[in-house]
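Just below is one structure, and these are the notes that go with it.
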Amino acid sequence: MTLTEEEQQIILESIRNIPDFPKPGIVFKDITTLLSNPKAFNTLMTHLENRYKSYDLDYVAGIDARGFIFGGILADRLGIGFVPIRKKGKLPHATVAEKYSLEYGFDEVEVHIDAFRNKKDARVLLIDDLIATGGTATAAASLIEKVGAVCVEACFIMELCFLNGKKNIKSPVYSVLEID
Ligand code: AMP
């Protein structure tokens, strides 16, 4: 299920571009203006609910921090659980971690070791606001598999297509807005 052209416009126009943030040359896609626009936010969440209600999912896993907003609401709408995938050092119980490279150095994401344990081979949707180089999402998707669940699809509100960030993600990828 994809969006109508009109729905796409409503969502696209609600996202603000901030040039040179957090550093020169980057155009930051600011979703705070989407969140504060009830029509755009509702259009997006209803679209995601309609798309994923037939996927027979057990969990939505959201990436720290903006993936928590979309993922938390979607999980509740689908009547299933939400699992946070967090930056290193934030989760209180035993975790499994996955490192990924940044332009300079490394970063790390973690999930609780028992996050999906109440269901064998749990079917999980991964969600974040944006995929750029894909490092974060690729690490998050492999974390889901590492703790014994299945990443059924990775979903992004925006994909920066020119970076081809989805190339190393094994699951299907769905992006609501493809940005060239
Ligand atoms: P990456 O690992 O390069 O795919 O980066 C993805 C993460 O960084 C996501 O959690 C995004 O929220 C954030 N991010 C990267 N680039 C941008 C951008 N141009 N605008 C907003 N967020 C971004």
Side-chain angles (χ1 to χ4, degrees), residues 3 8-37 40-41 43-45 47-48 52 59-75 82-91 95-112 115 124-147 149 151-180:
L3 281 171
Q8 237 177 51
Q9 272 317 104
I10 291 169
I11 298 168
L12 188 62
E13 282 167 10
S14 74
I15 297 165
R16 181 164 59 181
N17 289 323
I18 311 279
D20 300 319
F21 182 88
K23 52 185 181 182
I26 306 271
V27 180
F28 192 86
K29 300 287 180 184
D30 178 17
I31 53 125
T32 63
T33 44
L34 185 169
L35 301 176
S36 62
N37 177 329
F41 199 10
T43 300
L44 173 67
M45 294 314 308
H47 166 60
L48 293 177
Y52 288 111
Y59 294 93
V60 177
I63 301 178
D64 201 342
R66 278 161 284 178
F68 296 172
I69 303 167
F70 304 106
I73 293 168
L74 181 59
F82 174 78
V83 168
I85 295 183
R86 298 218 63 181
K87 295 282 165 63
K88 190 180 167 56
K90 303 285 186 186
L91 288 170
T95 60
V96 174
E98 183 82 20
K99 268 192 180 173
Y100 58 97
S101 10
L102 300 171
E103 204 177 344
Y104 300 102
F106 290 93
D107 214 336
E108 211 164 330
V109 281
E110 294 184 323
V111 71
H112 275 148
V124 180
L125 174 75
L126 177 66
I127 192 163
D128 201 5
D129 67 328
L130 184 143
I131 179 165
T133 66
T136 319
T138 305
S142 60
L143 261 190
I144 291 170
E145 308 276 333
K146 257 190 179 174
V147 291
C151 182
V152 174
E153 186 156 278
C155 172
F156 305 94
I157 313 311
M158 284 167 284
E159 174 182 348
L160 304 184
C161 297
F162 51 93
L163 294 172
N164 195 21
K166 64 185 174 192
K167 62 182 177 299
N168 294 320
I169 300 179
K170 292 191 200 110
S171 67
V173 170
Y174 172 63
S175 306
V176 177
L177 303 171
E178 296 182 335
I179 294 162
D180 298 312

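Here, residue 1 is the first one in the sequence, and each next residue gets the next number. From a predicted model like this one, the values you see are computed outputs, not experimental measurements. We count ligands from 1, going down the list as the structure has it; atoms in each ligand are counted the same way.
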Closest to atom 13 (C) of ligand 1 among protein heavy atoms sits R66 NH2, 4.0 Å
Would you mind finding which of Y100, F28, F21, F156 brings a heavy atom closest to atom 22 (N) of ligand 1? F28
Search all heavy atoms of I169 against all heavy atoms of A141 and return the closest pair with its distance. CG2-CB, 4.4 Å
Can you give me the closest heavy-atom contact between T138 and G165, atom names plus distance? OG1-O, 4.3 Å
Flag, side chain of S14 to backbone of N37, donor-acceptor distance under 3.5 Å: no
Min heavy-atom dist L130 to ligand 1 below 4.0 Å: yes
Look only at the side chain of D30 and the backbone of N17, and say whether a donor-acceptor pair between them is shorter than 3.5 Å. no
What's the shortest heavy-atom distance between L143 and A97, and which atoms? CD2-C, 3.8 Å
Is D129 touching ligand 1 with its side chain, its backbone, both, or neither, if touching means heavy atoms under 4.0 Å apart? side chain
So is T136 polar-close to ligand 1, meaning N/O to N/O under 3.5 Å? yes
Can you tell me which residue and heavy atom of the protein come closest to atom 20 (N) of ligand 1, and the distance to 0.1 Å? K29 N, 2.9 Å
V109 vs D64 side-chain heavy atoms within contact, under 4.5 Å: no
How far is atom 19 (N) of ligand 1 from its nearest protein heavy atom, and which residue and atom is that? V27 O, 3.0 Å
Could you tell me whether atom 1 (P) of ligand 1 has at least one protein heavy atom nearer than 4.0 Å? yes
Least distance between heavy atoms, E159 atom then S175 atom: OE1-OG, 2.6 Å
Compute the minimum heavy-atom distance from G134 to ligand 1 and say whether it is under 4.0 Å. yes
Provide, to 0.1 Å, the distance between atom 10 (O) of ligand 1 and the closest protein heavy atom, together with that atom's residue and name. D128 OD2, 2.8 Å
Which residue and heavy atom of the protein sit nearest atom 3 (O) of ligand 1, plus the separation: T133 OG1, 2.5 Å
Return the minimal non-hydrogen interatomic distance between H112 and V147, and the atom names on each side. O-CG1, 4.3 Å
